[in-house]
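In this text the structure is predicted, and so the values were computed from the model without any measurement. Convention: sequence-line order gives letters A, B, ...; per-chain numbering from 1.
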Amino acid sequence: MPELPEVETVRRGLIPALEGAAFQQVVVRRADLRRPFPENMANRLVGKRVERLGRRAKYLLIYMSDDLVLVIHLGMSGHMTVYETKNAPPPGKHDHVDFITDGGHTIRFTDPRRFGSMDIADASSLESHPLFANLGPEPLSNAFNGPALAAALKGKKGPIKTALLDQTVVAGLGNIYVCEALFRSGLSPIRKAGTIKGAVADRLAGDIVAVLQDAIASGGSSIRDHLKIDGTLGYFQHSFAVYDREGQPCPGGECDLSACGGIKRIVQSGRSTFYCPTKQR
DNA sequence: ACGAGAACCTGTTTGC
DNA sequence: TGCAAACAGGTTCTCG
């Protein structure tokens, strides 16, 4: 899925087709993904004009007229495709929703695993909405830094890997970018979360921000390429230092593969963790 | 209160 | 080659 950088990339990719446009028709082919859609979702959206696109954690926010926000989570396998309506192909098995605009675009939401969700909320009280009330700081905002991270981790006895996946600690990280950020910081994923403080917390917070910004930068470029081809938004290829690279040497070159065995895969709280046992302590 | 595990779904990859 | 198990980028509920 879409972790924070992918959602941000989708947001930016949707701006040209959505900002300023109104929903002319909304076709819902399946009204329940992870949870049921709001009552009459399609009818409530038709006629609304999109004012701007936002994002909070991994949630895409479509701010509309009448103080309403369409809140979309892409789950594990969700993605968006932008078509010119006249060229939109027949919907496939997992194409659950089409948003058809008065600007001649169709934005199609596809989600094979159906872990995604949609909701309609009031813009003025968004932060108190149940989905957002307990979220931690936005990592790319001023509210996120070493001291804030250390405070959120204080007293936590579980591993730092698991703590960073907790959206109440910091909002928007997923399995890939947690692994990548810990590698950059040279911190073992097994290390007790509560031991991260001071300069170490400063470093980790900085590396979390850097990893996300790099991913957004590379996603932004691949999005432009994608749009030329078929308009698909949601996933993009880029290279990771450790994620899904079990047994391979980690970047940097100073690890001796025969001595350290390369990148290791372990399972923590049921999720794969990839790391370099030599560099990450 | 906290943390680990299961559950929610379907598609793809891996291993015998 | 074929089939079953394992696994996939998330969230949320239950249980100890």
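Rounded to an integer number of Å, the gap from CG of A/L135 to P of C/dG10 is 14 Å. For the pair A/N134 CG and C/dC13 P, the interatomic distance rounds to 11 Å; values are reported in whole Å. Taking atom CG of residue A/N175 and atom C1' of nucleotide C/dA8, one finds them 10 Å apart after rounding to whole Å. Atom CZ of A/R245 and atom P of C/dA8 are 16 Å apart (whole Å). A straight line from CG of A/L33 to P of C/dG10 spans 17 Å, rounded to a whole angstrom. C/dG10 atom P lies 16 Å from atom CZ of A/R35, rounded to whole Å. The distance between atom CZ of A/F115 and atom C1' of B/dT10, rounded to the nearest whole Å, is 8 Å. In this structure, A/R271 places its CZ atom 14 Å from P of B/dA6, rounding to the nearest Å.
Salt bridge A/E246/A/K264: absent, no basic N to carboxylate O contact under 4.0 Å. Contact check on A/R35 versus A/D119 returns no salt bridge, with no Lys/Arg side-chain nitrogen under 4.0 Å from an Asp/Glu carboxylate oxygen. Ion pairing between A/D98 and A/R29 holds under the 4.0 Å rule for side-chain N and carboxylate O. With salt bridges taken as basic N to acidic carboxylate O contacts below 4.0 Å, one links A/R12 and A/E8.
The phosphate of B/dG3 has neither OP1 nor OP2 within less than 4.0 Å of any side-chain N or O from A/K157. Contact annotation: A/H94 reaches the phosphate of B/dG11 (side-chain N/O to OP1 or OP2, under 4.0 Å). Listed pair A/S269 / B/dG5 fails the phosphate criterion, with no side-chain N or O lying under 4.0 Å from OP1 or OP2. Side-chain N/O atoms of A/Q268 include none lying less than 4.0 angstrom from OP1 or OP2 on B/dA4. At B/dG3, one or more side-chain N or O atoms of A/K156 fall inside 4.0 Å of OP1 or OP2 (strictly under the cut-off). The side chain of A/K58 contributes an N or O atom lying less than 4.0 Å from OP1 or OP2 of C/dT11. A/R114 has no side-chain polar atom (N or O) that falls below the 4.0 Å cut-off from OP1 or OP2 of B/dC8.
Pairing each heavy atom of A/N145 with each of A/A205, the nearest pair is C-CB, 3.7 Å.
If you check the side chains of A/T273 and A/K161, you find a donor sitting under 3.5 Å from an acceptor.
Among the duplex regions that DNA chain C forms, those built from at least three successive Watson-Crick or G-U pairs under 3.5 Å are B:2-8 with C:10-16, B:10-16 with C:2-8, ordered by first number.
Residues A/K93 and A/R34 both approach DNA chain B. Their nearest nucleotides, taken by heavy-atom distance, put A/R34 toward the 5′ side. Summary of the strand contacts: A/G270 and A/P112 both lie near DNA chain B, and taking for each the nucleotide with the nearest heavy atom, the more 5' one is attributed to A/G270. Along DNA chain C, the nucleotide closest to A/L131 and the one closest to A/S272 are compared, and the more 5′ of them pairs with A/S272.
Using a 4.0 Å heavy-atom cutoff across all strands shown, A/P159 reaches sugar-phosphate atoms only and no base atom.
Formation of a donor-acceptor pair under 3.5 Å by the A/E3 side chain with backbone atoms of A/K58 is not found in this model.
A/L33 and A/V69 are members of different hydrophobic clusters when ILVMFWY side chains are connected at heavy-atom separations under 4.5 Å.
The separation of B/dT12 from C/dT11, taken at their P atoms, amounts to 23 Å, rounded to a whole angstrom. A gap of 14 Å separates the P atoms of C/dC7 and B/dG5, to the nearest Å. For the C1' atoms, the distance from B/dA6 to C/dA6 is 16 Å, rounded to whole Å.
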